[in-house]
Amino acid sequence: MDMKKPLLPSALVFVSVFVVCCFDGALSASVTYDNRALIIDGKRRVLQSGSIHYPRSTPEVWPELIRKSKEGGLDVIETYVFWNYHEPVRGEYYFEGRFDLVKFAKTVHEAGLLVHLRIGPYACAEWNYGGFPLWLHFIPGIQFRTTNDLFKQEMLRFLTKIVGLMKEEKLFASQGGPIILAQVENEYELVEWAYGVAGGLYVKWAAEAAISLNTTVPWVMCRQGDAPDPIFKDVSSSLSAFIMRSCVQINTCNGFYCDRFTPNSPLKPKMWTENYSGWFKSFGYPIPHRPVEDLAFAVARFFETGGTFQNYYMYFGGTNFGRTAGGPLVATSYDYDAPIDEYGFIRQPKWGHLRNLHLAIKLCDEYLISSDPTHLQLGNNLEAHIYYKPSNECAAFLANYGSEQDATVTYNGASYFLPAWSVSILPDCKNVVFNTAKVVSQRNFAYTTTDDKLTLSATSWSWYIEKPGVWGNNSFTESRLLEQINTTKDTSDYLWYTTSINIMPGQPKDAFLLIESLGHAALVFVNKKLVAFGYGNHDDASFSIFEKISLVKGNNTLDILSMMVGLQNFGPWFDVQGAGVFSVVFVDPWYNKYDISSEEWTYQVGLEGEYLGLDEVIQANSSLWAKGNILPINSSLIWYKVSFSAPQGKDPLALNLTSMGKGQAWVNGQSIGRYWPAYLSPPDGCTENCDYRGEYDSTKCQQSCGQPAQTLYHVPRSWVHPGENLLVLHEELGGDPTQISVLTRTGQEICSIVSEDDPPPADSWIRNKGFGSQSPEAQLTCEQGWHITSINFASFGSPQGNCGSFKAGACHANILSMVKKACIGEEQCSIPVSAANLGDPCPDVLKTLAIEAICSE
Ligand SMILES: *[C@@H]1O[C@H](CO)[C@@H](O)[C@H](O)[C@H]1NC(C)=O
Ligand SMILES: *[C@@H]1O[C@H](CO)[C@@H](O)[C@H](O)[C@H]1NC(C)=O
Ligand SMILES: *[C@@H]1O[C@H](CO)[C@@H](O)[C@H](O)[C@H]1NC(C)=O
Ligand SMILES: *[C@@H]1O[C@H](CO)[C@@H](O)[C@H](O)[C@H]1NC(C)=O
Ligand SMILES: *[C@@H]1O[C@H](CO)[C@@H](O)[C@H](O)[C@H]1NC(C)=O
Ligand SMILES: *[C@@H]1O[C@H](CO)[C@@H](O)[C@H](O)[C@H]1NC(C)=O
Ligand SMILES: *[C@@H]1O[C@H](CO)[C@@H](O)[C@H](O)[C@H]1NC(C)=O
Ligand SMILES: CC(=O)N[C@H]1CO[C@H](CO)[C@@H](O)[C@@H]1O
């Protein structure tokens, strides 16, 4: 494969710089490491890695996602492997469609990038049950993630299966493939305390099991301070020595920052496998946002203080289609505020600012791999780390790690301004190419979308009303309340608990019900009428319902529909955390309590509509579906069906489900996931002006307080076709499907603000082979396939306002026609920011260039 040939001609001007390394597909490479870095084919490497989970998008878009990752400066793509979908039934494997792991690894390889394969098999990842198959739970005597023979046997069998498959396909680096690292277990240190001595033994066993598989690439244990070094009996032969060096487990660091982490052995490099680019969404919570200035600061600090391998978790998050979301209550969007958004579009300025950072670090590579950093304290909260090459040439990182005071430092005979909470990178120990707090990359501030109501008249909808309670002949009765996961085996989110309450003559008819549940949500029907809805949240899925009810004389029915919203994926013993109703108490008007938990309860797993396959295309014309002039809206437990034509184009679609309550939706038989727009987050806890300075945590800089966590639901373009498409929804609470619309993006509004004193773009240093007198540049790039179609604003001087609301300031050179000339019709353009180029409306004043543009098809 010829690595120098661009995959796509335009947009790739910058890309070739990431290709200086590598890695010819035809040749095999050895992967080892020392205390500085991973060593690939004898050369120490500084690597930027990013997580993309293959089933969270579709194979049709993998090449595009990987191309954007490469263009953003990544060298490595990292993914978990999802056992529960690869082995849905014990011994029956599945590697098709979104789960085609081999195809994914080959796609990464074809793009010239490397792979870090986190086999686990524990994944966490906000994935249903942490990636474990549920059948594992039903092996008598099994205990997960501890020194239990049954578990170890199954885990080893899966590890062997995956390693075998990778070897068969020649995907390890030693075979000429892209995989340079493998991971066993995952973040075990966080839970090890709960497993006692057995936990320590298990870690040791996992390490040995991994090494016994002879992948010939190093195994890492993510977040494992005591990752063991395996003992080899014979270290005299060169083969053993190689295995020992290449297989020793490397412990790595996860978190929002990693600059204070040191490996557990001086022979291991400093690696950071989970540097959170944002955070995941949960139903009922505000939307997390990690400012790029802080993320860039964390990454720059890591490389400043000796790091050589770093991974963004996530670089592209994607979507939890179907029932893959972990839980409880993890949302369907797994956007993660990542550099590539849920729909596969580049998120600016996050992507661009990190790309500039990667370019700046790339300029320091040769120094980073030559020495450990030399530390120099420059003042309070101010320091420098310098990397020397033997020639005495150097690269320096200057840091202000205070969160409040900007500072000016003197280093190497010059003075440098360092905003609070920022790092400057000086690849020649002189010139600043990048400061983490100065975002010169373009910003996207809006997308234009088409917004098509699915249908104009309610009559084209069909529906099916689900009756509360037992519906099938496979119900069963027990005199106790059953735990839900053990009962449904996760074949469905739903379990009906039904019983009857007999009111004798003379007994009061008004009463209260107290229902307690381990989670995650429940609908309560008395005499087939909905009386209550209760639900938990992501941090505590348990809840109780206390509701006044009216009964009739004689027999009354009580039907409780208990609902799961993703199985737990995290925490010690998460695999045995239960769900469902555990106590039902009937309270009379005098507060006498009658515990009816041990009465006769009849159980039915799943919904009738699921049994009938209403979500399937084959049922689209079935007479089960009702039609008529009056579409029931605001109705609970109802299925809806409509056909719609997808907007034209090749970009992904979104369903706007704002008008719906809670449920699941399918397009042409494919589940696009669970929806729950009726669950609003608390009104407080968001800030208008988010200050990136100071330690980040997932509750800082939140957005959309008092709003649903998710109203738009991703439909991959490859799931629709021209002509009629089938949409089916199952609504649990009540909603108005006639308000649903289908959106697609047709263009974007972008802007750029760059000052005369901003650093020139790092890629201009590479283009010009060194440090000349380059000026800073405003660079504008449209999403692939779109072009700049208008320039709404352009001013050089003292422009005021922000993207979307710029105004010319007192000092203003009208450069609109010049910018139009350079940019209109182009997919990208760049304008050097200098008076020489743009004219000088106010000499001796520091001037800024602001441009606002529209890209469209
Ligand atoms: C490990 O695999 C390599 C090549 O894949 C092979 O040459 C070597 O003999 C194997 N070693 C062991 C101990 O199985
Ligand atoms: C009821 O039982 C029959 C025969 O065992 C079976 O074919 C049918 O699918 C069952 N129906 C339901 C609704 O469970
Ligand atoms: C109450 O009604 C339910 C369903 O109609 C029935 O299964 C149950 O046997 C009845 N109980 C009594 C005490 O009549
Ligand atoms: C589920 O059943 C298993 C036995 O099969 C039992 O050990 C476990 O405690 C049950 N789980 C819950 C949450 O009740
Ligand atoms: C349903 O009926 C329509 C119109 O008659 C037809 O075009 C479509 O193919 C049918 N769908 C299925 C799944 O049979
Ligand atoms: C649906 O229910 C909501 C809340 O109860 C109510 O405000 C709304 O008017 C209802 N809409 C219709 C069309 O019945
Ligand atoms: C989604 O639909 C609601 C109405 O149900 C509307 O208010 C909202 O603006 C729509 N959102 C988008 C992004 O189109
Ligand atoms: C190492 C580290 O900082 N881990 C943190 C990552 O973020 C989560 C969520 O905020 C924390 O719970 C971890 O402690």
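Atoms within a ligand are numbered from 1 in the order they appear, just like the ligands themselves. Starting from 1, each residue takes its place in the sequence as its number. Remember, predicted model here, so these are calculated numbers, not experimental data. Because only heavy atoms are used, hydrogens play no part in the values below, and waters and symmetry mates are left out as well, while side chains stay in.
- Two residues are said to be in side-chain contact when any heavy atoms from C-beta on lie closer than 4.5 Å; Ser57 and Arg98 fail this criterion.
- Between Trp471 and Tyr611, the ring planes lie tilted relative to each other; the angle falls in the 30° to 60° range.
- At the top of the distance list for atom 13 (C) of ligand 7, counting protein heavy atoms only, stands Leu743 CD1, 4.0 Å.
- Atom 4 (C) of ligand 7 has as its closest protein heavy atom Thr658 CB, 4.4 Å.
- Screening Arg56, Lys281, Arg347, Lys350 for a salt bridge (charged side-chain N to carboxylate O under 4.0 Å, His left out) with Asp335, the sole residue that qualifies is Arg347.
- With hydrogens left out, the protein atom closest to atom 8 (C) of ligand 7 is Asn656 ND2, 3.7 Å, a heavy atom.
- Within the 3.5 Å criterion, the main-chain N or O of Asn802 finds no donor-acceptor partner in the side chain of Arg443.
- Under the 4.0 Å distance rule, the nearest protein heavy atom to atom 11 (N) of ligand 7 falls inside the cut-off.
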